[in-house]
Amino acid sequence: MSKKATAGKEHNFFEDVHDVARLIPKGRVTSYGAIARYLGTAMSARMVGWAMNASHMSKDIPAHRVVNSQGLLTGKHHFTPPSSMQRRLEKEKVKVVKDKVVDFQKIFWDPSKELL
DNA sequence: GGTCTGACCGGCG
DNA sequence: ACGCCGGCCAGAC
């Protein structure tokens, strides 16, 4: 039998998001919407960000590589200090100007495409 | 168990 | 170019 016969659907949103976030290559960035879409919740990008908030518990999750569709470091406010997000991105050769990722489209990493 | 919020996204005026 | 609005899902109070 299955391991979980009557196992309720554990839509571990956290794990899903965390898993994808961990797969983000260094020097690349993705958007909440892209991850949401990859998970099947395209319109629920909000929860992706919220789930990322929980990523704070796991230091293995490069939340700083996740930005919004504009390439803006919207979540930097949740970092400590906020500037650490940009700092980490620059550390990965990702240029950030005015809280925005330079060449965002170029380094954009789409899980539904890259992880095909 | 209803209500609100949230690291978003895209459309419209 | 910019501001406002709704939508969508999941958790917290």
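In the text below, chain A, chain B and the rest are named by the order of the sequence lines, each starting its count at 1.
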Original post:
What is the distance, rounded to the nearest whole Å, between atom CG of D99(A) and atom C1' of dA7(B)?
Top reply: 13 Å
**OP:** In sequence, state the C-alpha distance, the side-chain angles, and the governing distance for L23(A) and E114(A), and then conclude on side-chain contact (heavy atoms from CB on, under 4.5 Å).
**Re:** CA-CA 10 Å; L23(A) 297 171; E114(A) 307 292 326; over 6 Å; no
**OP:** Working to the nearest 0.5 Å, report the span between CG of L73(A) and NE2 of H78(A).
**Re:** 12.0 Å
Subject >> CZ/R22(A): more than 12 non-hydrogen atoms of other groups inside 6.0 Å >> reply: yes
**OP:** Kindly say if S44(A) contacts the phosphate of dG7(C), meaning a side-chain N or O under 4.0 Å from OP1 or OP2.
**Re:** no
Original post:
Does the T30(A) side chain pair with the main chain of W109(A), one donor and one acceptor, at a distance under 3.5 Å?
Top reply: yes
Original post:
Quick one: are V67(A) and M85(A) in side-chain contact, heavy atoms under 4.5 Å?
Top reply: yes
Subject >> Atom-to-atom span, CE of M47(A) to P of dA10(C) - whole angstrom >> reply: 5 Å
Subject >> Base dC9(C) to side chain R46(A), donor-acceptor N/O within 3.5 Å cut-off >> reply: no
Original post:
Shared ILVMFWY cluster between V101(A) and F108(A), side chains joined below 4.5 angstrom?
Top reply: yes
**OP:** Check the distance between dC9(B)'s P and Q70(A)'s CD and give it to me in whole angstrom.
**Re:** 8 Å
Original post:
Tell me: CZ of F14(A) to C1' of dA12(C), nearest whole Å?
Top reply: 11 Å
**OP:** Look at the side-chain heavy atoms of Ile, Leu, Val, Met, Phe, Trp and Tyr, link any pair under 4.5 Å apart, and say whether F79(A) and I24(A) land in one connected group.
**Re:** no
**OP:** Just call it for A63(A): base, sugar-phosphate, or nothing, with non-hydrogen atoms closer than 4.0 Å on any strand.
**Re:** base
**OP:** Just compare dA7(B), dC9(C), dC9(B) and give me whichever is closest to any side-chain atom of F79(A).
**Re:** dA7(B)
Original post:
Does some side-chain heavy atom of D16(A) sit less than 4.5 Å from a side-chain heavy atom of T41(A)?
Top reply: no
**OP:** Taking only the side-chain heavy atoms of W50(A) (C-beta and beyond), determine which of dG11(C), dC8(B), dA7(B) contains the nearest atom.
**Re:** dG11(C)
**OP:** Would you kindly give the CD1-to-P distance between I35(A) and dC8(C), to the nearest whole Å?
**Re:** 21 Å
Original post:
Roughly how many Å is it from CG in L72(A) to P in dC2(C), rounded to a whole number?
Top reply: 12 Å
Subject >> Stems formed with participation of DNA chain B [Watson-Crick or G-U wobble, under 3.5 Å, three or more pairs] >> reply: B:2-6 with C:9-13, B:8-13 with C:2-7
**OP:** Measure the distance from NE2 on H78(A) to P on dG6(B) and round it to the nearest whole Å.
**Re:** 9 Å
Subject >> Closest contact, heavy atoms only, F14(A) versus A54(A) >> reply: CE2-CB, 3.2 Å
Pairs: protein N or O with nucleotides 10-13 of chain B N or O, under 3.5 Å:
none

**OP:** Could you check which of dG11(C), dC8(B), dC8(C) has an atom nearest any side-chain atom of T74(A)?
**Re:** dC8(B)
Subject >> Shortest side-chain distance from N68(A), nucleotide among dC9(C), dA7(B), dC8(B) >> reply: dC8(B)
Original post:
Are L89(A) and M52(A) in one and the same hydrophobic cluster, where Ile, Leu, Val, Met, Phe, Trp and Tyr link if side-chain heavy atoms are under 4.5 Å apart?
Top reply: no
Subject >> Whole-Å distance separating the CG atom of L39(A) from the P atom of dC8(C) >> reply: 18 Å
